[in-house]
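Predicted model only: the values in this text are computed from it and were never measured. Both counts, for ligands and for their atoms, begin at 1 and track the order of listing.
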Amino acid sequence: MEEKDVFCRAIGTETDIVQKEMYEFEDRSGTRVALRPEGTAGVVRAYLENELDKKNGLEKFYYMGPMFRSERPQAGRLRQFHQIGVEELGTNSPYADAEAIHALTTFLDAVGAHGYKVKLNNLGTFDERKIFRGELLEFFKPHAKELCEDCKRRMEKNVFRLLDCKVETCRKIARQSPPLKKFLTAESTAHYEKVCRALDALKISYIQDDFMVRGLDYYTLTVFEVTHPKLGAQDALGAGGRYDNLIESFGGPKLGAVGFAVGVERLQMCLEKQNDAAPVRKNSVFLAALGEKAFQVAFGLLGELRSHKIAAFMDLDGKSLKSQMRSADKSGSRYMIILGDNEIEKGVAVLKDLNDGSQQELKFTEVTEIIRKLNG
Ligand code: AMP
């Protein structure tokens, strides 16, 4: 939670987030506060409050935690969601932009995401955008009647957002608009070029997307987004960019910064969908028992496995074998141990590997040891 003004100042009073999506209220002292819709504004506020800008060097931070936006809920769009974010404050180097993107892709690779795309654009400086804004307005004015209701409103409030509207008629018109590139100075273009070359050096592939503008006003120069084709309409896994005016706008010195945030629930969705084709089974065990005696033996084995730190599950309601098979599948376990009265008499259990369907008979006393060996 922060004072509302922290977000208004950083994100921009005309953005959707500030206009429509913040959970805000007055606290007991009469201060207008808001649940944080994103992490960067609070990091910059804390950075200055703790005088870290005076340390004269690069400061790096990360955060993980819940964010709140009162958006229309849909698949992949929640009102309370979690972000993992990274911020590098006190640098104007284009290599910091590439370093941030590298941190993002390294993280995604490490958790097993694949098939994602990195999109990149250069939004220029605030001054360059001012000129571009005027040009865009001129361009869209004659098309005003053809635009969707949201874009009609955006014409007045935030014309840049017309560029990434998802409505087909708006998209078609936007594709004809003058590109921002035309309005950039040599300096801004050179910064972006260096980011691209640094990404090449890191062997990160990216797509240049002239129409990606992002929903927060504070970005300058480099912006990026990572999308995944399995995510549907809300396809951004993570996003970020440079924000060279933000520290100054909070009353600090003119220092550059860059950062990004990953959406945890989106990442989770993406990993689950990726794995649809071949479910990854956990190295846990499901015990299926038929009959009272078998149940008691299985229950003892359940405790033994757990005491050896092997995750084990059992259906405690004495259902049919078929139903227990279904529960085993649902538990995502790799192994299943089946015990019936026949097995009890022989002192054995059947161990089935659900990955390949193979099965073997084991003595009760061997079960834990064998599973430990199989799990390495
Ligand atoms: P943003 O702060 O808007 O740049 O968002 C960064 C990332 O947070 C996005 O790429 C999403 O993965 C995630 N995200 C943003 N809004 C939501 C939401 N309402 N529900 C779930 N994830 C979200």
Can you check whether [X] has an N/O within less than 3.5 Å of an N/O in ligand 1?
| X | value |
| --- | --- |
| A261 | no |
| R77 | no |
| R69 | yes |
| E71 | yes |

How does R214 reach ligand 1, by side chain, by backbone, by both or by neither, if only non-hydrogen atoms under 4.0 Å count?
side chain
Just heavy atoms, cut-off under 4.0 Å: does L267 contact ligand 1 by side chain, backbone, both, or neither?
neither
Testing the 3.5 Å rule here: is there a donor-acceptor pair between the side chains of [X] and [Y]?
| X | Y | answer |
| --- | --- | --- |
| T31 | E26 | no |
| Y192 | Q208 | yes |
| D356 | S358 | yes |
| D97 | T222 | yes |
| D109 | Y116 | yes |

Joint hydrophobic cluster, V167 plus L163, side-chain heavy atoms closer than 4.5 Å
no
Closest approach of any protein heavy atom to [atom], naming residue and atom:
| atom | value |
| --- | --- |
| atom 13 (C) of ligand 1 | G263 CA, 3.6 Å |
| atom 6 (C) of ligand 1 | Q83 NE2, 3.3 Å |
| atom 11 (C) of ligand 1 | R266 NH1, 3.3 Å |
| atom 20 (N) of ligand 1 | L78 N, 2.8 Å |

Which one of G259, A236, S70 has a non-hydrogen atom at the shortest distance from atom 12 (O) of ligand 1?
A236
The one among F81, F260, Y219 that brings a heavy atom closest to atom 14 (N) of ligand 1:
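Result: the heavy atom closest to atom 14 (N) of ligand 1 is in F81.
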Which of the numbered atoms in ligand 1 are under 4.0 angstrom from any heavy atom belonging to G238?
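Answer, ordered by atom number: 10 (O).
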Atom indices of ligand 1 within 4.0 angstrom of G76 heavy atoms, with elements:
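Going through ligand 1 atom by atom, the ones under 4.0 Å from G76 are 20 (N), 21 (C), 22 (N).
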Take every heavy atom of E265, measure it against each atom of ligand 1, and state whether any distance is under 4.0 Å.
no
Counting neighbours of CD on Q359 that are heavy atoms of other residues, nucleotides or ligands and sit closer than 6.0 Å, is the number greater than 12?
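Yes, because the 6.0 Å sphere around CD of Q359 holds more than 12 heavy atoms from other groups.
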Here the gap from H82 atom NE2 to R266 atom CZ, rounded to the nearest 0.5 Å, amounts to 14.0 Å
With respect to Y218, which candidate in F7, F126, Y243 satisfies the ring pair (Phe, Tyr, Trp, His ring centres under 6.0 Å) definition?
Y243
